[in-house]
Amino acid sequence: MSDFKIETKCVQGGYTPGNGEPRQIPIVQSTTFKYATSEDMGKLFDLEANGYFYTRLQNPTNDYVAAKIAELEGGTAAMLTSSGQAASFYAIFNIASCGDHVVSSSTIYGGTYNLFAVTMKRMGIDFTFVSPDCTEEELNAAFQPNTKAVFGETIANPALTVLDIEKFANAAHAHGVPLIIDNTFATPVGCRPFEWGADIVTHSTTKYMDGHGAAVGGCIVDSGKFDWMAHADKFPGLCTPDDSYHGVTYAERFGKEGAFITKATAQLMRDFGSIQSPQNAFYLNLGLESLHVRMKRHCENGLAVAKFLEASDKIEWVTYAGLENDKYHKLAEKYLPNGTCGVVSFGVKGGRKAAEEFMKKLKLIAIETHVADARSCCLHPASATHRQMNDAELEACGITNNLVRLSCGLENAEDLIADIKQALGE
Ligand SMILES: *Cc1c(COP(=O)(O)O)cnc(C)c1O
């Protein structure tokens, strides 16, 4: 599939049925797999043969879909996880453990921030958060001798900042560590971070990849480019024998192309078990088949709504990198030439009360804790996800009390604008 364009990979990547086999990917609804001899099964446990033995580690349905996402991103290997949170956790924990350190962009998804700053900190992994707009000097100053990775989001949720991936990749590589990019909002249709130097990509497939609000899921993709053995002292988990897995040295046995995902499967999935169900992988694949068609429409609707809001005198400010005078427009032109995403943030004039009133009056656009769905939805963080914070605390994390996050779905843009108009009382 590697010679085909991304649209073709969306539809047909990952699975090529043989003669007389199902056209659609089969859902292998089985926890386990049968073998004729214990020797056969032993080879699987020793990672000497390819195959399946227990769905907590691997399942054929998941692997078809993971292979499709690897093709979309231009990577060498991928795995599905039960959620985007599990993908972020595994991507970091696969190479960093107690006593290690990670540099992360500060504008990341709130759930990821909590995972890093609270839960993983409790596991002994320290994070330094840097502004995505920091200078190269500031970025380089964030590294420590025990730094094991750099992390950022292509388009941040909900701040909608666009990451200068090359700047972050150069700094990571200068310090001998990989760059991990959460590419959820851009999707590989909008941006392929590996082409700009990223080494590992993660996704919350719950968002645009599924696209229909049907199934929570995540994915990790390896570019196969990071040379673990060249930095063996930093990555003992990949470059020295794994006693818990028959003494295998992942980077030696599976090379740059396969070591990261094999270790994450054989070790982390075995021990933590956050596998995606094959049924959910099937739904995810249905979403992927139309990802390229849907992303175009999400971006068109996002831009049309952002332009309307920008021109409205009931609106204080709009953040959308597709707008020409947005702070991140230049970076968006470079990294997201075909459009950014369907999510727009804006402030309603009149503060918290005006934002609440506006949302109450919406008829077509629903209030939901979700984004990137076929159906348009919106959220007022000050009275939902961040309601425990006062105005000063909100300001500190870049959220004003009148901020509305609007995820433009696949409806007709004129209908969306008409709904916004009537809710603003225009
Ligand atoms: C939603 C989201 C996540 C977390 O994914 P879940 O599937 O909800 O666990 C991670 N990163 C980004 C950018 C997200 O939008």
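Order of listing sets the numbers, starting from 1, for every ligand and every atom in it. Because the structure is predicted, anything quoted here is derived from the model rather than measured.
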**Study point:** Pairs involving residues 80-105, ordered by first then second residue, that meet salt bridge (charged side-chain N to carboxylate O under 4.0 Å, His left out) (sequence neighbours left out)
**Key:**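 Salt bridge (charged side-chain N to carboxylate O under 4.0 Å, His left out) check on residues 80-105 returns D100-K148.
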
Review point. ring-ring contact (aromatic ring centres under 6.0 Å, His included) between F33 and F53: does it pass, once the steps are laid out?
Key: CA-CA 5 Å; F33 301 82; F53 52 92; 8.6 Å; no

Out of all atoms in ligand 1, which are within 4.0 Å of some heavy atom of [X]? Include the element for each.
{"X": "S83", "result": "7 (O), 9 (O)"}
{"X": "N157", "result": "14 (C), 15 (O)"}
{"X": "E153", "result": "13 (C)"}
{"X": "Q85", "result": "4 (C), 5 (O), 6 (P), 9 (O)"}

Under 4.0 Å between a side-chain nitrogen and a carboxylate oxygen: does that hold for [X] and [Y]?
{"X": "E300", "Y": "K296", "value": "yes"}
{"X": "K361", "Y": "D419", "value": "no"}
{"X": "R375", "Y": "E368", "value": "no"}

Practice item. Specify the protein heavy atom at minimum distance from atom 5 (O) of ligand 1: its residue, its atom name, and the distance to 0.1 Å. Key: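 Result for atom 5 (O) of ligand 1: S204 OG, 3.0 Å.
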
Practice item. Among all protein heavy atoms, pick out the one at the shortest distance from atom 6 (P) of ligand 1; state its residue, atom name and that distance to 0.1 Å. Key: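 For this ligand atom, the closest protein heavy atom is G84 N, 3.4 Å.
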
Review point. Hey, what's the ring geometry for H175 with F143, parallel, tilted or perpendicular (30° and 60° as the breaks)?
Key: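 It falls in the parallel class, under 30°.
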
Check your understanding: Would you call the rings of H173 and F226 parallel, tilted or perpendicular if under 30° counts as parallel and over 60° as perpendicular?
Key ->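 Tilted: the ring planes of H173 and F226 meet at 30° to 60°.
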
Review point. Is G217 near ligand 1, meaning one of its heavy atoms is under 4.0 Å from it?
Key: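 A heavy atom of G217 does come that close to ligand 1.
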
Practice item. Return the option from F89, Y109, F185 holding the heavy atom at the smallest distance from atom 10 (C) of ligand 1. Key: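 Shortest heavy-atom distance from atom 10 (C) of ligand 1: Y109.
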
Exercise for review: Look at atom 1 (C) of ligand 1 and find which of M209, K207, H370 reaches it with the closest heavy atom.
Suggested key: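 Selected option, by shortest heavy-atom distance: K207.
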
Review point. Is there any side chain to side chain donor-acceptor pair (under 3.5 Å) pair reaching into residues 89-98, and which pairs are they, with sequence neighbours excluded?
Key: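 Checked against side chain to side chain donor-acceptor pair (under 3.5 Å) - neighbours excluded - the pairs reaching residues 89-98 are Y90-S274, N94-K263.
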
Check your understanding: Any N/O of D182 closer than 3.5 Å to an N/O of ligand 1?
Key ->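 Checking ligand 1 against D182, an N or O pair does fall under 3.5 Å apart.
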
Review point. Do T206 and ligand 1 have an N or O pair less than 3.5 Å apart?
Key: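 N/O-N/O distance under 3.5 Å: yes.
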
